[in-house]
Amino acid sequence: METREPASHLERILRAGKFAVTSEVGPPKNAEASVIHKKAKPLRDVSDAANITDNQTAIVRMSSIAAATMAIQDGFEPVIQVTCRDRNRISIQSDLLGAYALGVRNVLCLTGDHMRWGNHPEARKVYDLDSINLIGMVRAMDAGKFQNGEEIKPAPRFFVGGVENPFAPPYEFRPFRLKKKMEAGAQFIQTQMIFNVERFKEFMKVVVDLGLHEKMYILAGVGPLKSPGMARYMRDSVAGMEVSAKWVERMEKTPKEKWKDEGMNVCVEIINEMREIPGIAGVHIMSIEWEEAVPTIVERAGLLPRPKASELATPQPVAVAA
Amino acid sequence: MKWFEFGPIAWARDYLNTHPRAEKFLDVIGLPAEAVIKKTLFGCQSCGQCLLHENGYTCPMRCPKTSRNGPCGGVRANGHCEVYPERWCVWYRAYNRSKSLPMPQSWREDMYRVHPPVNWELINTSSLLNELTGRAHGVKATKPEEKKKEAAPKPAAKA
């Protein structure tokens with residue numbers, strides 16, 4: 001039986017059985033390094049790691065690996081997002097070797113938003129791999145093999161994650177797609193932002209029946225609402241998102257000066273519901289361009305203080321999926 | 001064991017793998033015929049490694065993200081595509097068709113296994129021929145000289 005040390009702080013926390021908290025930082029649409037330092041600062045002490053997005057919604061931004069390097073300089077662990085939209089398998093593997101050399105240990109594999117709704121709709125798409133093949137490729141690199149089978153020595157060691165959206169049809173197929181990700185080698189999963197707890201519970205029931213939560217750590221995606229307008233927009237216009245009527249009504253009943261406070265309360269309530277669901281190993285807080293909300297949410301949810309690396313006992317070695 | 005490893009089919013496969021000119025000749029005839037039929041019926045994109053039968057007769061290469069392993073997270077609530085809201089999501093249709101259309105059980109189950117990434121070397125070649133020669137499953141064509149070289153040392157080793 002093969003054993004391995006945790007590749008990252010996030011993996012160490014999850015293996016120790018602690019409820020993990022990850023957050024998200026969007027790199028700026030310019031070359032200003034101070035933006036990353038400023039955004040990462042409120043998140044550092046309240047979350048275990050932060051996702052650094054890779055040109056999300058197909059809008060050109062600073063490279064996720066460059067921004068992740070800056071987060072590491074601030075003593076903060078990044079999770080780099082890698083999308084298949086802009087790079088083929090050669091380029092992705094080369095970038096990952098570089099990212100590892102710069103200290104990146106967590107990789108989140110996504111297919112990536114299509115450029116049609118981004119700011120360069122005339123760009124050529126790549127999509128050489130899809131997210132499941134990408135997870136397989138990164139895990140193969142972790143095991144010392146390039147995608148073509150050639151050996152990497154020494155091999156980069158990553159904690160590899162994927163994403164899943166339980167709120168997009170065909171709903172019955174979603175848990176089985178998650179199973180495919182498990183078979184490809186995903187070690188953790190972050191879900192789409194949850195505003196429909198009932199649907200998510202149904203999804204998790206099938207996931208637990210399939211036994212996927214024992215092979216991967218599933219982090220529930222949550223986020224604060226800023227205004228009733230944002231809730232309605234997410235309900236009506238964002239593909240693959242569902243917002244329950246009760247949250248929209250609640251935001252609409254709130255006076256304008258209390259919108260942000262109420263939005264954070266909604267997020268805290270959803271986090272508390274997530275902690276009751278079997279198979280959930282943590283939460284991923286997506287505060288879209290509103291990083292200041294995260295410390296308040298984590299504090300109100302009673303998830304402080306976050307465990308320090310020195311506090312965690314050396315975890316027992318566990319078997320690794322082939 | 002794959003269907004193409006039996007009797008005369010296996011012989012034809014070996015013949016084609018050792019005779020690249022015969023194979024090329026078949027490719028010239030086979031590709032347009034296959035392309036016309038599959039393009040008309042299924043909107044084939046000529047990837048050379050057909051997944052139609054495993055996907056409820058729906059071509060996954062028509063997906064704007066060419067996703068061969070399942071629907072992306074952006075499928076709209078009505079089952080339409082995130083990128084082109086007027087079109088159906090390829091995978092939404094594939095999932096429903098694989099449940100309703102007549103096909104062997106093994107094809108339905110194939111939807112639930114992980115498919116390897118597209119081999120772009122096979123793009124614009126005949127998928128049927130690739131299936132027959134085994135190239136769709138990673139078999140590399142061997143030239144006749146190489147085959148002779150491989151066969152030669154074997155008797156020597158026995159002696």
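To find a chain, count down the sequence lines: A is the first, B the second, and so on, and within it residues start at 1. Worth saying up front: this structure is predicted, and the values here are computed from it rather than measured.
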Closest heavy-atom contact between [X] and [Y]?
X: B:Pro64; Y: A:Tyr127; answer: O-CD1, 3.8 Å
X: A:Ala239; Y: B:Gly74; answer: CB-O, 3.2 Å
X: B:Tyr92; Y: A:Pro170; answer: CD1-N, 4.0 Å
X: B:Ala77; Y: A:Pro169; answer: O-CG, 3.9 Å

Largest heavy-atom contact set with chain B, pairs under 4.5 Å, which of A:Met241, A:Arg174, A:Met137, A:Met115 =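 Most heavy-atom pairs within the cutoff with chain B belong to A:Arg174.
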
With chain B, the option among A:Leu110, A:Val238, A:Leu129, A:Asp128 that has the most non-hydrogen atom pairs under 4.5 Å is A:Asp128

Side-chain ([X]) to main-chain ([Y]) donor-acceptor, under 3.5 angstrom:
X: A:Arg116; Y: B:Val83; result: yes
X: B:Ser67; Y: A:Asp130; result: no
X: A:Asn133; Y: B:His115; result: yes

Under 4.5 Å heavy-atom distance to chain B, tell me which part of [X] shows up: side chain, backbone, both or neither.
X: A:Arg89; value: side chain
X: A:Glu172; value: both
X: A:Lys125; value: side chain

Show your working on side-chain contact (heavy atoms from CB on, under 4.5 Å) between B:Arg113 and A:Lys179 and close with a plain yes or no.
-> CA-CA 9 Å; B:Arg113 78 180 166 89; A:Lys179 188 163 178 249; over 6 Å; no

Do other residues, nucleotides or ligands put more than 12 heavy atoms under 6.0 Å from [X] [atom1]?
X: B:Lys24; atom1: NZ; answer: no
X: B:Tyr84; atom1: OH; answer: yes
X: A:Glu198; atom1: CD; answer: yes
X: B:Lys38; atom1: NZ; answer: yes

Any residue of residues 40-54 of chain B which, by heavy atoms, sits under 4.5 Å from chain A | none

Residue pairs involving residues 78-89 of chain B (criterion salt bridge (charged side-chain N to carboxylate O under 4.0 Å, His left out); sequence neighbours excluded) |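 For residues 78-89 of chain B: B:Lys65-B:Glu82.
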
OH of B:Tyr95 to OH of A:Tyr171: how many Å apart, nearest 0.5 Å?
->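 Going from the OH atom of B:Tyr95 to the OH atom of A:Tyr171 covers 13.0 Å.
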
Going through the distances and angles, do B:Tyr112 and A:Phe173 end up as a ring-ring contact (aromatic ring centres under 6.0 Å, His included)?
-> CA-CA 9 Å; B:Tyr112 296 89; A:Phe173 189 65; 5.5 Å; yes

Do the non-hydrogen side-chain atoms of A:Arg177 and B:Pro71 ever get within less than 4.5 Å of each other?
->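 The answer is yes, as the side chains (C-beta and beyond) meet within the 4.5 Å cut-off.
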
